[in-house]
There are 2 protein chains.
Amino acid sequence: MTAIDTRAPASVAPVDPRRAWQVVLQHIEADLLAGRLVPGDHLPAERTLASELGVGRSSVREALRVLEVLGLIRTQTGSGPQSGAIIVARPSGGMSSLMRLQVAAQGFDVRDVVKTRLVLEAAVVTELAEASVARIDGLDLGPAVELLDAMDADGRVSEAEFLALDAAFHLALAELSGNAVIASMMAGLRNSIESYVLAGVPNLPSWPETSGRLRHEHRDIVDAIEKGDAELARGRVRAHITGYYTETNFISAPTDPLRQAQGTLPELVEGNRSLSSSKGTEPDRGLPHG
Amino acid sequence: MTAIDTRAPASVAPVDPRRAWQVVLQHIEADLLAGRLVPGDHLPAERTLASELGVGRSSVREALRVLEVLGLIRTQTGSGPQSGAIIVARPSGGMSSLMRLQVAAQGFDVRDVVKTRLVLEAAVVTELAEASVARIDGLDLGPAVELLDAMDADGRVSEAEFLALDAAFHLALAELSGNAVIASMMAGLRNSIESYVLAGVPNLPSWPETSGRLRHEHRDIVDAIEKGDAELARGRVRAHITGYYTETNFISAPTDPLRQAQGTLPELVEGNRSLSSSKGTEPDRGLPHG
DNA sequence: ATTATGCTGTGGTCTGACCACATGGCCTGA
DNA sequence: TCAGGCCATGTGGTCAGACCACAGCATAAT
């Protein structure tokens, strides 16, 4: 067998190096980029897509599953206008899944999550404060303030409910700033460490005292924003966030750049936070679930 | 038929409201949270996982596909230690996919992406500058500076290569800050608007002039960081980023909070940026591809 | 000792078959 | 004519089974 087989198989089938599901994903992405698909549109039926792209239905479904988790589509069984896969483009759920899983898999350090939240939150209040001075009629922080009012139902709000309202308040501020990117990031960051936040409550010396302080700080932040004092708002929001985390012993030293032993991180109970637990406070569905 | 059928079907089959792939996803997430799975570990084989969880293999595959896109696992065919699904926990690829698709689907506004990048980048250089003053031996910005040196090969670097090096430089700064969350966010933000950045090059009055200015600004930023002047570094990085985007007419007014017509955004050619295009400059694989 | 060979287990893919479900038209009876 | 119920239809959700390509490894042949 000294002779090499020279019959080139090149003409037979130019094999696609991409895996089948990637073909589907890229096809849909191209349609999105070209504007052929916009939010509200229906994707073709799975079987249709499969035959059109020359792949199996299971490959189509793998791609759709990715799009669903990333928050790009919503799927529904049955028939009619609401059935099928519909473009929705809601990033928060995907951001939450991504961050929560990365934290779980140790791709993200919890302290980095908190630090990042600090950065974004400071940017949010800065933007809001500047927007407040820019317009004579003032800024409407109504949606956020309503959440603060809800928190004031003292005694009738459980700790978990309080923290959920707290998260919703901060998220509302981000949304009011008008930056959907930052808002979804905030949602994801908060979501990814929610179990840690909850687990830290028992470390608090006094819950009534802490919750009272938090409520007060919230009002102060709103005041600073409405006054248009960006610097003050930044400082207050920083103190607000770092205060809580230091009090629960999550962050040993607020700005320590060195990595430390992770002994202070709580050992989470299995299944404490799982993929489908979107509570009522989240305006956005996390991972779609039944 | 006035009598209601009271035979409770409760005992027959407590149907799981979750879809099968969510069961798999939550199972794996629980293993991650409990530390039973850590980076480097192998997931059970698909067929094994399917039978253990009582679902079909296709459902397992849908969950694995999600994990793969989110950057949690890497899959490989064949046998041996490198085959199968392995926990990797690399967030950048997933962040990039998420943001790019959300931009494509109009869930994210490009201007918000740029504004967010501004916020994060300012935080990065602030942290680096503060770290620089904190240690006597200074900060080692070597990895970032090397990229600047590569950009200085004037004339022998194409526009696309230059911009890729530029992106790598900013990403390197983020990574040097030690915050993996911000670093992956930066990677995603930049990746999601890469096609817009490239499409803006023809709008520049003079590429040699602009590229020269950018290189100079990069050096200035590094200088400010090494000097430990956080305020100066922030200002320079802000000017650096906004300067480029305004010059390419991407952002009409840097801080205009009002939404405007999207006419200035380039109409992207279909397939220009697709899911599997991770160039050599990215240390991290984006979406896995062949 | 070295090389060749085939076995084995992995992910990748497709096909076909069901199911549950929601809709909407049709048919029946009032 | 109208109201109600019924069923055909098309959708996603799921599963089982069958291949394939591939990488490693044990074994056999040289």
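Computed from a predicted model, the values in this text were never measured in an experiment. Each chain gets a letter, A, B and so on, in the order the sequences are listed, and its residues count up from 1.
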Exercise. How would you label the contact of Gly80(B) with the nucleic acid (heavy atoms, under 4.0 Å): base, sugar-phosphate, or nothing?
Worked result: sugar-phosphate
[X] [atom1] - [N] [atom2] separation (whole Å):
X        : N       : atom1 : atom2 : value
Trp21(A) : dT13(C) : CH2   : C1'   : 14 Å
Ile86(B) : dG11(C) : CD1   : P     : 10 Å
Leu64(A) : dT11(D) : CG    : P     : 13 Å
Ile73(B) : dG11(C) : CD1   : P     : 9 Å
Arg19(A) : dA21(D) : CZ    : P     : 17 Å
Leu49(A) : dG10(D) : CG    : C1'   : 16 Å
Leu53(A) : dT13(C) : CG    : P     : 13 Å
Glu46(A) : dG16(C) : CD    : P     : 17 Å

Ignoring backbone atoms, establish whether [X] has a side-chain N or O less than 4.0 Å from OP1 or OP2 of [N].
X        : N       : value
Arg57(A) : dT13(C) : no
Arg61(A) : dG13(D) : yes
Ser83(B) : dG9(C)  : no
Ser58(B) : dA16(D) : no
Thr75(B) : dG12(C) : yes

Exercise. When rounded to the nearest 0.5 angstrom, what is the spacing between CZ in Arg57(A) and CD in Glu46(A)?
Worked result: 4.5 Å
Exercise. In Å and rounded to the nearest 0.5 Å, what is the CD to CZ distance from Glu29(A) to Arg100(B)?
Worked result: 5.0 Å
Where the side chain of [X] is concerned, which of [options] is the nearest nucleotide?
X        : options                   : value
Pro81(A) : dT13(C), dG12(D), dG24(C) : dG24(C)
Arg65(A) : dG13(D), dT13(C), dC15(D) : dG13(D)
Ser79(B) : dG9(C), dC15(D), dG12(D)  : dG9(C)
Arg47(A) : dT14(D), dT10(C), dC18(C) : dC18(C)

For this session: Taking only Lys NZ, Arg NE, NH1 and NH2, and the carboxylate oxygens of Asp or Glu, determine whether Glu68(B) and Arg65(B) approach each other closer than 4.0 Å.
Result: yes
Seminar exercise, completed: Smallest heavy-atom separation, Ile86(A) atom then Gly40(A) atom, equals CG2-O, 3.7 Å
Exercise. Got a donor-acceptor contact below 3.5 angstrom from the Gln102(A) side chain to the Leu70(B) backbone?
Worked result: yes
Exercise. Pick the nucleotide of DNA chain C nearest each of Thr77(A) and Val55(A); which residue has the one closer to the 5' end?
Worked result: Val55(A)
For this session: Would you kindly compare Gln82(A) and Leu43(B) by the position of their nearest DNA chain C nucleotide and give the one closer to the 5′ end?
Result: Leu43(B)
